[in-house]
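What follows is a set of notes on a single structure, which appears directly below.
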Amino acid sequence: QVQIVESGGGLVQAGGSLRLSCTAPRFILSTYTVTDITWYRQAPGKERELVARITGAGGSINYADSVKGRFTISRHNGKKTAYLQMNNLKPEDTGVYYCNALEHVQGREYWGQGTQVTVSS
């Protein structure tokens, strides 16, 4: 059963923008509101790295230094969806972006299938 669905990846020129979405259609709303959402990315030949995180209950946000000022993470609990707005994209932002959901009711963790982001120079 698919718990997390990502969308919004694609090919864009350097300086362009993309918005990724991460939806958790099978979560009940009360669980989603206490679920931390984290975006990771993995470039070819590199390890997966954290890009941005937004917590459930408190809405605390943190970013990797490499994306601060360019990326914005947000969430709409009623839609059970989180977003990653990526502006001023650079070729080094290229990679597969994964959404991770960590719910704090039973402590379960879920991963999306990943969405490819390619930034051309």
Under the rule for side-chain contact (heavy atoms from CB on, under 4.5 Å), what residues qualify as partners of V117, not counting sequence neighbours?
L18, L20, M86, Y97, V119
Can you check whether R19's main-chain N or O pairs, donor with acceptor, with Q85's side chain at less than 3.5 Å?
no
For the backbone of E49 and the side chain of Q42, can you confirm whether one donor and one acceptor N or O come within less than 3.5 Å of each other?
no
Donor-acceptor under 3.5 Å (K80 side chain, P25 main chain)
yes
Could you tell me whether R48 sits above the aromatic face of Y98, with NZ or CZ closer than 6.0 angstrom to the six-membered ring centre and within 45 degrees of the axis?
yes
Under 3.5 Å, is there a donor-acceptor pair linking the side chains of T118 and Q116?
yes
To the nearest 0.5 Å, what is the distance between CZ on R41 and CD on E47?
14.0 Å
Using every non-hydrogen atom in the two residues, find where A82 and Y32 come nearest and quote the distance to one decimal.
N-OH, 3.4 Å
Separation between CZ (R53) and CG (N62), nearest 0.5 Å, reads 6.0 Å
Nearest heavy-atom pair of A14 and S121: which atoms, and what distance?
CB-CA, 4.4 Å
Answer whether the closest heavy-atom distance between the side chains of Y63 and V51 falls below 4.5 Å.
no
Does L29 reach the side chain of F27, with side-chain heavy atoms less than 4.5 Å apart?
no
Shared hydrophobic cluster for Y110 and L84 (ILVMFWY, side-chain gaps under 4.5 Å)
yes
Salt-bridge contact D93-K90 (side-chain N to carboxylate O under 4.0 Å):
no
Consider only side-chain heavy atoms of I, L, V, M, F, W and Y, link residues closer than 4.5 Å, and tell whether L89 and L50 are in one cluster.
no
Under the side chain to side chain donor-acceptor pair (under 3.5 Å) rule, what pairs show up with a residue in residues 99-108, not counting sequence neighbours?
D36-H104, N100-E109, Q106-R108
I would like to know whether R75 and N77 meet side-chain contact (heavy atoms from CB on, under 4.5 Å); could you show each step before the answer?
CA-CA 6 Å; R75 63 190 296 156; N77 287 340; 2.8 Å; yes
Would you mind listing every disulfide bond (SG atoms under 2.5 Å apart) that reaches into residues 72-121, with sequence neighbours excluded?
C22-C99
Roughly how far, to the nearest 0.5 Å, is CD1 of I54 from OG1 of T38?
10.0 Å
Side-chain contact test, heavy atoms from C-beta onward, threshold under 4.5 Å: evaluate it for P91 versus Q13 and give yes or no.
no
Name the orientation class of the two ring planes belonging to W111 and Y40 (parallel below 30°, tilted from 30 to 60°, perpendicular beyond 60°).
tilted
Joint hydrophobic cluster, W39 plus F71, side-chain heavy atoms closer than 4.5 Å:
yes
Would the distance check show the side chain of R26 and the main-chain N or O of I4 forming a donor-acceptor pair, the cut-off being under 3.5 Å?
no
Are I37 and T35 close enough that some pair of their side-chain heavy atoms sits under 4.5 Å apart?
yes
Any donor-acceptor pair under 3.5 Å linking the side-chain atoms of T81 with those of S21?
no
